[in-house]
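Taking it in order: structure first as structure tokens, then the write-up.
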There are 2 protein chains.
Amino acid sequence: MSPIASRIDEFDVIPLAFSDPPLLNAAGVHEPLALRTLVRLRVGRVVAWGEGRGDALPPEVVGAVREVVLGEDVFATNRLDAAVDAVLRRVAPGMDVQARLNSFAPLEVAALDAQGRLLGLPVSEVLGGALRERVDYSAYLFFKWAGHLGEAPDAWGPAMDAAGIVRQADMLIDRYGFRSIKLKAGALPPALEVESLLALAAVHPGMPLRIDPNGAWSHETAVQVAAELGDVLEYLEDPVLGIEGMGRVHAETGVPLATNMCVTRTEHLRPAVAADAVQIVLSDHHYWGGLRRTQELAATCESLGIGVSMHSNSHLGVSLAAMTHVGSTIRRLDYACDTHYPWNREDDVIAPGALEIEGGAVALPDGPGLGVEVDEDRVAGLHRRFLAAGRTVRDDGGYMRRADPAFTDELPRW
Amino acid sequence: MSPIASRIDEFDVIPLAFSDPPLLNAAGVHEPLALRTLVRLRVGRVVAWGEGRGDALPPEVVGAVREVVLGEDVFATNRLDAAVDAVLRRVAPGMDVQARLNSFAPLEVAALDAQGRLLGLPVSEVLGGALRERVDYSAYLFFKWAGHLGEAPDAWGPAMDAAGIVRQADMLIDRYGFRSIKLKAGALPPALEVESLLALAAVHPGMPLRIDPNGAWSHETAVQVAAELGDVLEYLEDPVLGIEGMGRVHAETGVPLATNMCVTRTEHLRPAVAADAVQIVLSDHHYWGGLRRTQELAATCESLGIGVSMHSNSHLGVSLAAMTHVGSTIRRLDYACDTHYPWNREDDVIAPGALEIEGGAVALPDGPGLGVEVDEDRVAGLHRRFLAAGRTVRDDGGYMRRADPAFTDELPRW
């Protein structure tokens, strides 16, 4: 009936591995290779892409998903969502709802990319229209080793103290013009992390600052950190684990709390609201199940009077484009979003120049679909690295234990 | 850039009046003419329609809205939403957010109709894809006069007691196959309304039954009605006014409560959840601001563990088509929706046969856009009736006072 041929003809899932610096967090340290998955759809002559997390599905599961995806209409993302959920429940009963949404997200992004390419419209317009031309991102700072184990220092150099963090911020801000800063914490003693954030505040007065220990702090540490940082904080991210603990920290400190840990599924929102545990939800279309579900989450948060920003894992340009498109459509996007892109962009699969962070923001690509062109040769290269690496899961803790055999990722640590 | 010309070339707002039977409710009785508004868009050669409430905007306000609408892309409903909101704040500062959303909704529906017609896709597909082929509606029963004041009885005849209500249910179920029943209440003494619902339960054992007094009952009456109806009830709709009162009724009775009165804007959800006042939200795209915002509301309710169904005012086929399209896309639509359509369809503006209620459900129209064709001659006729009537607002209470000068619409009444 449609004048547009919009049935899915081909569906491929392509796991990738790409270089990642030794960035520290509460779980350990980033390994030399980060993992990621691309979904490629072909719809007639259109090739469309989505990027997802690195939890690669076994080939037999991919095959079962392919059976329900082929022939479906790329406009029918609701039915794709339901069909993928149903087939994964059947063939991979060990996957929980979160894992199923992880798997669906890159397919949904690719379907929206295909829609846009078929229509000659950017994904943002397919999603109801951009409300802003640029989406703000924050400088994402990490404590880091000088280089990977057994290797020479990398171009970023070490950041194991306040001076190193300030230097890292300078590099990122000089190059990308970021106007807010997030510091990944929970890796080193809280006093050192607080000192680092206060050093940033001294060098960049008035710049919004955030700190995120991924739940590595005790209640007492969280309260003390909040007191020491005071007005410097834009918000505190996941200072402690769990909705109840977050509610206690907020009640005691009054500091706005953000999370991508205690609210990760829709059913977490009602208890989080009841406990007044979360003032900002960090959305992430990769584990909330795609761009439309991210819009739904943002609308839900708007209804509940909760702020919205965006979480990031190590990612490539397909995801940065998707984040920027959906971010442009969210009515209340009150905070700059997180992105690891500066740490990973050298291995990117998209043609250079399509996406740049300038003035701390990414301009919405104006080409059709996601507005970025994927280089199949680069994809093939990163897929070969994935195959050669022989790894399928991320293991920050195991890598840290090679340097510090006593390391444990049990939380809270501090 | 798009291969599709999708800019709005013409925008018209057309108020209509059409025949309505003398249906009783807590506010009075339906006047002989119901009011409604159509929005007509022209996008190139495509003509698209949306239907809204009867609160007609003054011509100078329509003119101001036209200025921001013309030239905008029909795909950019987010920007249309923001632009209409901004212009109404400026030129009609007396309108509250609810009134602004009322005014935007038919424009958004028309924009989605235009998108679908441009793409050759049904609106349900534009909205992410239908999850069901048919949307269930319930038989919507009213106490009613035999005919309008000074007129002979109409074809429906009187329904001022239990026997009349049972007869009305028979007429509606015989013709449309409804499989659930809603009784509008709050108009007559509660004992008579309870007797009527129990009579329905006796004639239609096992059929889901609802009763809706529009907040006309006191707490004590609501609790007593809930006790008398017991297991017969699928849910009780707006037994009392206000979130706090609803919470008390639910706490005392345990009966699921639905509302289209105490949760009518997004900011009502958080207090309603805190008070556990509402178990089912009756969405209505006309006053929630369109089909996408209705999807957002449904997603929010899903997140909060609240059920969703749909409220209705007197309406024509453009709205029934819109309700059916959006209803088909909502993941959790656990209850049959309300519709006044059987009461108003004889004056419909759409070509007959496009929409039928069969087996208590409307099959999703499969043509492009809303899938219904609007008859411009009928529109012109109903517009002439609007102009001739000289009315711009609904006044159920004033009409009731012509029969009963002592009538007051102060609530609670019983």
Side-chain angles (χ1 to χ4, degrees), chain A residues 1-4 6 72-83 85 108 111-112 115-116 118-122 124-132 263 265-271 273-274 276 290 292-293 295-306 328-331 366-368, chain B residues 1-4 6 72-83 85 108 111-112 115-116 118-122 124-132 263 265-271 273-274 276 290 292-293 295-306 328-331 366-368:
Chain A
M1 168 188 51
S2 165
I4 298 169
S6 50
E72 186 52 278
D73 193 310
V74 286
F75 285 91
T77 51
N78 290 339
R79 290 198 296 276
L80 283 168
D81 188 333
D85 188 70
E108 192 243 21
L112 290 164
Q115 290 182 31
L118 290 166
L119 303 180
L121 290 173
S124 54
E125 299 301 285
V126 172
L127 292 172
L131 294 171
R132 54 192 70 84
V263 175
R265 298 210 304 262
T266 56
E267 63 264 36
H268 300 154
L269 282 161
R270 189 162 177 161
V273 163
D276 201 9
R292 283 193 188 272
R293 283 189 185 258
Q295 292 184 303
E296 292 177 356
L297 171 65
T300 300
C301 289
E302 184 185 1
S303 293
L304 298 174
I306 295 175
S328 78
T329 71
I330 292 173
R331 285 187 292 271
D366 60 3
Chain B
M1 167 191 49
S2 165
I4 297 170
S6 50
E72 186 52 279
D73 193 310
V74 286
F75 285 91
T77 51
N78 289 339
R79 290 198 297 276
L80 282 168
D81 188 333
D85 188 71
E108 192 243 21
L112 291 165
Q115 290 183 31
L118 290 166
L119 303 179
L121 290 173
S124 55
E125 299 302 284
V126 172
L127 292 172
L131 294 170
R132 56 191 69 85
V263 174
R265 298 209 306 262
T266 55
E267 63 264 38
H268 300 154
L269 282 161
R270 189 161 175 160
V273 163
D276 200 8
R292 282 193 188 273
R293 283 189 185 257
Q295 291 184 302
E296 292 177 356
L297 170 64
T300 300
C301 288
E302 183 185 0
S303 293
L304 297 173
I306 294 175
S328 79
T329 70
I330 292 173
R331 285 187 291 272
D366 60 3

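These numbers come from the heavy atoms of this one structure, side chains and all, not from hydrogens, waters or symmetry mates. Letters A, B, ... are given to chains in the order of the sequence lines, protein chains preceding strands, and every chain is numbered from 1.
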Proximity breakdown for B:Ala111 and chain A, heavy-atom pairs closer than 4.5 Å: neither

Can you name the nearest heavy-atom pair linking B:Thr329 to B:Arg132, along with the distance? N-NH1, 4.4 Å

A:Gln295 side chain to A:Ile330 backbone, donor-acceptor under 3.5 Å: no

Heavy-atom pairs under 4.5 Å with chain A - which of B:Arg79, B:Glu296, B:Arg265, B:Glu125 has more of them than the others? B:Arg79

Would you mind telling me which of B:Leu269, B:Leu112, B:Leu131 has the largest number of heavy-atom pairs within less than 4.5 Å of chain A? B:Leu131

Test your reading of the model: is there a side-chain donor-acceptor pair from B:Arg331 to the backbone of A:Asn78, 3.5 Å cut-off? no

B:Leu127 portion near chain A, given a 4.5 angstrom heavy-atom threshold: backbone

Output the distance between atom CD (B:Glu302) and atom CD (A:Glu267), rounded to the nearest 0.5 Å. 9.5 Å

Quick check for you: among B:Gly128, B:Pro271, B:Ala76, which has the greatest number of heavy-atom pairs under 4.5 Å with chain A? B:Gly128

Tell me, do B:Val273 and A:Arg270 make a side-chain contact under 4.5 Å, heavy atoms counted? yes

Looking at OG1 of B:Thr300 and CG of A:Leu297, how far apart are the two atoms once the value is rounded to the nearest 0.5 Å? 9.0 Å

So what's closer than 4.5 Å to chain A heavy atoms on B:Arg292: side chain, backbone, both or neither? side chain

For chain A, the option from B:Ala130, B:Cys301, B:Gly116, B:Ala274 that forms the most heavy-atom pairs under 4.5 Å: B:Ala130

Chain A contact via B:Arg293 - side chain, backbone, both or neither, heavy atoms under 4.5 Å: side chain

